[in-house]
There are 2 protein chains.
Amino acid sequence: MQSELDLKKIVHDHGYKATPQRLAILSVFSKNHRPFSAEEIYKKLKKTGTDLVTIYRTLTSFEKGGVLKRVDLRKDSVQFELAHGHHHHIVCTICGRVEDFDDCDLETVTKKIVSKSAHFKSIREHSLELFGVCRKCS
Amino acid sequence: MQSELDLKKIVHDHGYKATPQRLAILSVFSKNHRPFSAEEIYKKLKKTGTDLVTIYRTLTSFEKGGVLKRVDLRKDSVQFELAHGHHHHIVCTICGRVEDFDDCDLETVTKKIVSKSAHFKSIREHSLELFGVCRKCS
DNA sequence: TCATAGTTGCAAATGAGTTGCAATTAGATT
DNA sequence: AATCTAATTGCAACTCATTTGCAACTATGA
């Protein structure tokens with residue numbers, strides 16, 4: 001659980017002004033360690049009156065600044081989550097449940113790939129998502 | 001290079017009627033083994049007069065039927081490619097160049113993940129894309 | 001050849017995400 | 001603490017990928 005001061009520091013450290021809207025948006029992510037779409041955040045922040053446009057703009061600039069990262073979980077809309085801490089997801093293709101995992105062991109694979117590649121000599125990022133059916137749904 | 005008959009067979013084998021539009025769409029994929037968006041196919045098939053809506057509908061139903069699969073390469077629109085033959089992509093984050101690779105060695109990782117998972121006991125699919133900068137762009 | 005379910009094309013709708021702009025405000029400066 | 005200014009917000013209007021309704025068409029099986 002992050003205090004409000006921590007969030008303010010994060011925002012400042014990335015060179016943004018710490019507006020109540022941004023702190024509210026960031027608090028959603030820090031309270032729930034899972035991906036959120038703009039619309040989901042909008043609903044969670046209804047009471048604060050934060051505009052959907054502000055949420056879109058904040059998500060985009062936080063992504064550029066490295067605070068958040070974009071995740072593709074084959075949902076209809078784009079999702080974001082806190083950027084710190086490398087991890088991946090297992091998604092239930094029926095109910096949409098999302099579980100995390102950390103060790104993707106991709107260094108070896110990546111090295112092998114790069115050594116064989118004609119055009120790439122290094123990899124900066126990767127995306128890896130697993131899809132299955134969870135116990136409840138199977 | 002696939003003959004038209006082959007394409008017709010593929011379409012039939014999946015339970016679809018072999019319309020000229022579907023054969024044309026499929027031929028784009030079989031002639032170029034790389035991902036295409038609906039719009040790209042539309043442009044390639046301008047001369048045939050195939051409607052964009054038909055392309056969207058065909059892509060969607062071919063995906064459901066397992067002829068094509070959806071790929072997320074962080075482009076603005078969704079892309080598809082032939083489903084047969086398991087492989088992944090390396091994408092240049094500057095020019096968008098795409099290169100394939102086959103051996104992802106994910107079985108070991110997947111097994112480990114599943115053995116640790118609280119909610120999942122098996123994985124049906126996975127998505128893995130690598131992102132870097134190609135020689136030309138670096 | 002005929003019947004018909006599956007398919008197509010057009011037009012209109014949807015919906016996520018973006019943009020222009022005037023009003024507001026966080027935070028630096030005095 | 002009052003002031004200044006560039007960053008930020010909210011509203012309305014827009015864009016653009018994708019979807020849907022529907023009447024006309026056609027691939028295929030009988």
Side-chain angles (χ1 to χ4, degrees), chain A residues 4-5 7-28 35-65 67-80 96, chain B residues 4-5 7-28 35-65 67-80 96:
Chain A
E4 195 188 312
L5 272 180
L7 298 182
K8 206 162 181 175
K9 187 175 184 325
I10 293 176
V11 177
H12 279 159
D13 287 356
H14 286 266
Y16 303 114
K17 284 188 180 176
T19 66
Q21 293 88 337
R22 285 178 177 165
L23 295 178
I25 292 168
L26 205 51
S27 81
V28 171
F36 286 98
S37 68
E39 196 68 39
E40 287 172 317
I41 293 172
Y42 182 55
K43 276 172 196 151
K44 281 209 170 253
L45 297 184
K46 268 273 171 54
K47 57 187 75 167
T48 72
T50 306
D51 196 278
L52 186 55
V53 176
T54 300
I55 294 172
Y56 275 112
R57 285 199 269 234
T58 301
L59 293 178
T60 307
S61 66
F62 275 7
E63 189 201 7
K64 249 179 229 151
V67 181
L68 297 177
K69 76 177 175 216
R70 190 175 291 254
V71 197
D72 175 45
L73 264 25
R74 302 191 187 173
K75 303 284 169 70
D76 9 321
S77 54
V78 178
Q79 296 189 308
F80 291 83
Chain B
E4 196 188 311
L5 273 181
L7 298 182
K8 205 163 182 171
K9 189 175 184 320
I10 293 175
V11 176
H12 280 157
D13 286 357
H14 285 267
Y16 303 114
K17 285 187 179 175
T19 65
Q21 293 88 337
R22 284 178 179 163
L23 295 178
I25 292 167
L26 205 50
S27 81
V28 171
F36 286 98
S37 68
E39 195 69 37
E40 286 172 317
I41 293 172
Y42 182 57
K43 276 173 196 151
K44 280 207 170 257
L45 297 184
K46 267 273 171 54
K47 56 187 75 166
T48 72
T50 306
D51 196 279
L52 185 56
V53 176
T54 301
I55 295 171
Y56 274 111
R57 285 196 269 233
T58 302
L59 293 178
T60 308
S61 66
F62 276 6
E63 189 201 5
K64 248 179 228 151
V67 181
L68 297 177
K69 75 177 174 215
R70 189 176 292 252
V71 197
D72 175 45
L73 263 26
R74 301 191 186 172
K75 303 284 169 74
D76 9 323
S77 54
V78 177
Q79 295 188 306
F80 291 84

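Naming convention: chains lettered A, B, ... in sequence-line order (proteins, then strands); numbering from 1 in each chain.
- Phosphate contact (OP1/OP2 of dG17(C), side-chain N/O of Y56(A), threshold under 4.0 Å): present.
- Taking the ring centre of Y42(B) as origin, the terminal cationic atom of K44(B) falls outside the region bounded by 6.0 Å and 45° from the ring axis.
- Counting non-hydrogen atoms under 4.0 angstrom, R57(A) reaches a base of the nucleic acid.
- In this structure, the CG atom of L45(B) is 15 Å from the C1' atom of dG9(C), given to the nearest Å.
- The distance from atom CG of L59(A) to atom P of dA16(C) is 14 Å, rounded to the nearest whole Å.
- A 4.5 Å side-chain heavy-atom check between R70(B) and R74(A) finds every atom pair outside the cut-off.
- Between the P atom of dG6(C) and the NE2 atom of H14(B) lies a distance of 18 Å, rounded to the nearest Å.
- Put simply, NZ on K75(B) is 16 Å from C1' on dA17(D), counting in whole angstrom units.
- Side-chain proximity of A18(B) to dT28(D), dG10(D), dT9(D): nearest is dT28(D).
- Atom pair Y42(A):OH and dG15(C):P shows a separation of 15 Å (rounding to whole Å applied).
- For dA27(D), neither phosphate oxygen OP1 nor OP2 lies less than 4.0 angstrom from any side-chain nitrogen or oxygen of R22(B).
- Rounded to whole angstrom, the span from the CG atom of D76(B) across to the P atom of dT15(D) amounts to 17 Å.
- Remark: C1' of dA17(D) and CD of E40(B) are 13 Å apart, rounded to the nearest angstrom.
- For T60(B), the listed nucleotide lying nearest its side chain is dT19(D); candidates were dA26(C), dT19(D), dT9(D).
- OP1 or OP2 of dG10(D) lies within a sub-4.0 Å distance of a side-chain N or O belonging to Q21(A).
- Aromatic ring centroids of F62(A) and F80(A) lie 6.0 Å or more apart.
- Of the candidate nucleotides dT18(D), dA12(D), dA11(C), dT18(D) has the atom lying nearest to any side-chain atom of S77(B).
- At the phosphate of dG27(C), OP1 or OP2 sits under 4.0 Å from a side-chain N or O atom of H12(A).
- Of all heavy-atom pairs spanning L52(A) and A38(A), the tightest one is CD1-O, 3.9 Å.
- As rounded to whole Å, 13 Å separates atom C1' of dT18(D) from atom CG of D51(B).
- Each of Y16(B) and P20(A) was matched to the nucleotide of DNA chain D holding its nearest heavy atom; the match closer to the 5' end belongs to P20(A).
- The side chain of K17(A) has dG27(C) as its nearest neighbour among dT18(D), dG27(C), dT7(C).
- Side-chain nitrogen and oxygen atoms of T19(A) include at least one within less than 4.0 Å of the OP1 or OP2 phosphate oxygen of dT9(D).
- One distance of note links NZ of K64(B) with CG of L59(B); it measures 12.5 Å at 0.5 Å rounding.
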